[in-house]
Amino acid sequence: MSIFDNPFDPDRKLRAGCACGQHQSAAEHEQATALRCEPVESEEKRYEGVVASAVMRAMFPQDLARRAFLKSVGASTALAALSQFFPIKTATEVFAQTGAPEKKDLKVGFIPITCATPIIMAAPMGFYAKHGLNVEVVKTAGWAVIRDKTINKEYDAAHMLAPMPLAISLGLGANAIPFAVPAIENINGQGIVLANKHKDKRDPKDWKGLKFAIPFDYSMHNYLLRYYLAEHGIDPDTDVQLRSVPPPEMVANLRADNIDGFLAPDNICQRAIYDGVGFMHLLSKEIWDGHPCCSFAASREFITTAPNSFAALTRAIVDATAYASKAENRKQIAEAIAPANYINAPVTVLEQVLTGTYADGLGGVKTDAKRVDFDPFPWQSFAVWMLTQMKRWGQIKGDVDYKAVAEQVYLATDTKKLMTEMGLSPPASAYKSFTVMGKNFDPAKPEDYVASFKIRKAS
């Protein structure tokens with residue numbers, strides 16, 4: 001998954017290796033390093049590896065053919081041969097010059113939840129440094145604060161709920177400012193937790209009058225909980241109370257009986273179980289398996305004024321996300337993000353989230369390796385679905401050009417190019433259909449989808 005794979009090793013696939021690019025496998029990397037992933041030996045070697053990998057991928061897209069070529073002539077001869085047809089040294093120099101970050105010292109805000117894993121881990125595990133940046137990740141109290149500090153340029157970029165950049169770009173809840181999403185932080189990784197006193201209320205039809213917390217109005221948590229309630233005949237605007245509560249405050253509010261439950265990030269869910277105040281009703285993947293949750297976002301102004309810094313940030317996030325996607329790395333990551341300046345949670349809690357083996361609060365232990373997963377591609381069909389829910393629940397008034405907004409905010413084309421350069425395999429299209437609680441979503445027919453729901457806010 002690393003962009004730093006040795007393109008001239010005949011026994012190595014172009015899309016394998018560890019995150020730092022210095023080892024042939026994650027296991028070898030773990031033996032050689034502690035929690036920090038150090039940069040490669042020099043910037044020149046790093047850029048040369050990127051260029052050489054790109055040339056090898058172009059000439060030998062199939063691993064079998066590449067290995068046969070390299071075994072027949074050897075790595076040094078292969079490099080010399082390629083250099084006759086393609087000026088690798090010159091291209092490396094150009095790549096290095098054009099890729100230099102305009103600003104190396106950056107601030108990125110985050111909320112202390114496992115959804116932000118790639119953004120957080122990229123600091124202690126060296127991914128930002130590897131891509132030539134000095135990034136301070138700043139723990140932040142709530143989503144409105146994240147939004148305001150990013151808009152006010154106190155943060156260069158931020159961990160945001162996946163719908164937030166759409167809302168900010170549309171001027172929902174704040175002045176309209178163009179924002180963009182080059183990477184999704186996590187998929188799945190949320191859950192519905194109820195207070196222990198409600199163990200006899202497992203049927204959502206019995207939830208009328210209950211009070212639920214969500215992290216923010218413009219959140220997948222809000223839309224997924226509303227969807228789940230409505231599919232069980234509960235009108236989320238009249239039959240229950242929904243309150244916006246910062247994730248770090250949810251467990252305390254559950255313990256104090258201020259709320260009856262919440263749909264929240266998995267580390268919040270697991271902490272409630274760990275503290276003995278709640279139980280897992282269901283994982284969010286049981287509503288929609290593969291749904292996005294959080295994103296890495298930046299203003300269009302930052303992208304325009306510091307394009308190389310933005311590209312380096314995105315590469316670091318995508319690189320970290322690729323590392324986080326591997327199950328064998330999850331325990332190491334849990335240790336890296338557990339300290340007080342990051343998530344501030346027991347390693348045990350984070351391991352239960354990231355490894356997928358967890359206590360459910362009902363006396364059982366469950367295993368689901370895809371409880372949370374990490375895939376950076378910003379599917380524009382995700383954005384269209386979020387816009388349909390904004391329309392469904394009255395956050396968007398009037399007509400909306402779903403496709404235009406999705407493609408303005410979710411940078412699938414740019415990310416596809418970047419992922420290809422890094423040796424990853426992005427999807428061919430930015431749109432896909434998916435199923436939410438048995439109901440198919442066709443991104444080409446968003447208005448039909450909105451109109452199909454019996455429970456929705458009146459226009």
Side-chain angles (χ1 to χ4, degrees), residues 1-5 15 19-21 37 39-40 42-55 57 91-110 118-119 121-123 125-137 150 153 155-160 165 178-185 295-324 374-378 380 407-427 430:
M1 298 294 284
S2 173
I3 63 172
F4 305 131
D5 292 339
R15 294 178 175 85
C20 78
C37 186
V40 291
S42 71
E43 290 294 295
E44 181 181 355
K45 287 293 184 183
R46 181 163 73 87
Y47 290 126
E48 183 179 309
V50 173
V51 173
S53 291
V55 175
R57 282 196 301 275
T92 298
E93 293 173 354
V94 172
F95 185 89
Q97 290 170 3
T98 58
E102 301 84 359
K103 181 180 180 183
K104 291 187 176 182
D105 296 328
L106 302 170
K107 284 188 176 182
V108 176
F110 73 93
I119 286 174
M121 64 178 268
M125 298 181 74
F127 288 92
Y128 293 127
K130 186 174 73 175
H131 290 275
L133 299 173
N134 176 32
V135 175
E136 179 187 358
V137 289
T150 311
K153 304 176 187 177
Y155 297 157
D156 297 287
H159 162 216
M160 287 189 175
F179 263 67
V181 173
I184 292 295
E185 282 298 286
S295 67
F296 170 66
S299 69
R300 284 280 181 178
E301 181 179 354
F302 174 71
I303 296 171
T304 302
T305 57
N308 294 336
S309 296
F310 171 73
L313 260 179
T314 304
R315 282 194 294 269
I317 295 298
V318 171
D319 211 357
T321 305
Y323 191 75
F374 302 95
D375 182 348
F377 190 72
Q380 288 164 346
E407 294 179 2
Q408 173 195 350
V409 179
Y410 274 51
L411 305 182
T413 300
D414 294 343
T415 303
K416 180 179 179 180
K417 179 181 178 182
L418 180 146
M419 291 177 70
T420 301
E421 291 172 352
M422 294 176 70
L424 305 178
S425 301

Any Lys416 side-chain heavy atom under 4.5 Å of Phe377 side chain: yes
Flag side-chain contact, heavy atom, 4.5 Å: Met419 against Ser425: no
Minimal non-hydrogen separation, Val181 against Pro165, with atom names: CG2-CG, 3.4 Å
With sequence neighbours excluded, residues passing salt bridge (Lys or Arg N to Asp or Glu O under 4.0 Å) with Lys103: Asp156
Between CZ on residue Arg300 and OG1 on residue Thr305, distance to nearest 0.5 Å: 12.5 Å
Shortest non-hydrogen contact from Pro178 toward Gln408: CB-NE2, 4.2 Å
Pro426 and Thr420, any side-chain heavy atoms less than 4.5 Å apart: yes
For the student: nearest non-hydrogen atoms of Lys104 and Pro101, plus distance: CG-CB, 4.1 Å
pair Val135-Lys107: side-chain heavy atoms closer than 4.5 Å: no
Atom pair CD1 (Ile303) and CG (Asp414), whose distance is rounded to the nearest 0.5 Å: 8.0 Å
N/O donor-acceptor pair under 3.5 Å between Ser309 side chain and Glu102 backbone: yes
Heavy-atom side-chain proximity of Leu106 to Leu133 below 4.5 angstrom: yes
Sub-4.5 Å side-chain heavy-atom contact between Gln380 and Val409: no
Partners meeting side chain to side chain contact (heavy atoms under 4.5 Å, CB included) with Lys153 (sequence neighbours left out): Glu301
Gap between atom OG1 of Thr150 and atom NE2 of His159 - 0.5 Å precision: 11.0 Å
Test item: Tyr128 and Leu313 side chains (from C-beta on) under 4.5 Å apart, heavy atoms: yes
Closest non-hydrogen atom pair, Ala324 against Phe374: O-CD1, 3.5 Å
Glu136 vs Val108, side chain to side chain contact (heavy atoms under 4.5 Å, CB included): CA-CA, chis, key distance, verdict: CA-CA 6 Å; Glu136 179 187 358; Val108 176; over 6 Å; no
From CD1 (Ile119) to CZ (Phe110), nearest 0.5 Å: 9.5 Å
Intermediate values then yes/no, side chain to side chain contact (heavy atoms under 4.5 Å, CB included), Ile184 and Asp375: CA-CA 7 Å; Ile184 292 295; Asp375 182 348; over 6 Å; no
CA sep, side-chain torsions, deciding dist, call: Ser295, Glu185, side chain to side chain donor-acceptor pair (under 3.5 Å): CA-CA 5 Å; Ser295 67; Glu185 282 298 286; over 6 Å; no
Smallest separation among heavy atoms of Thr321 and Pro376, with atom names: CG2-CD, 3.6 Å
Note, Phe310 side chain near Pro182 side chain (heavy atom, < 4.5 Å): yes
Heavy-atom pair with the smallest gap, counting every atom of Phe296 and Ala157: CE1-CB, 3.7 Å
Stepwise side chain to side chain contact (heavy atoms under 4.5 Å, CB included) test for Met160 and Phe179: CA-CA 11 Å; Met160 287 189 175; Phe179 263 67; 3.6 Å; yes
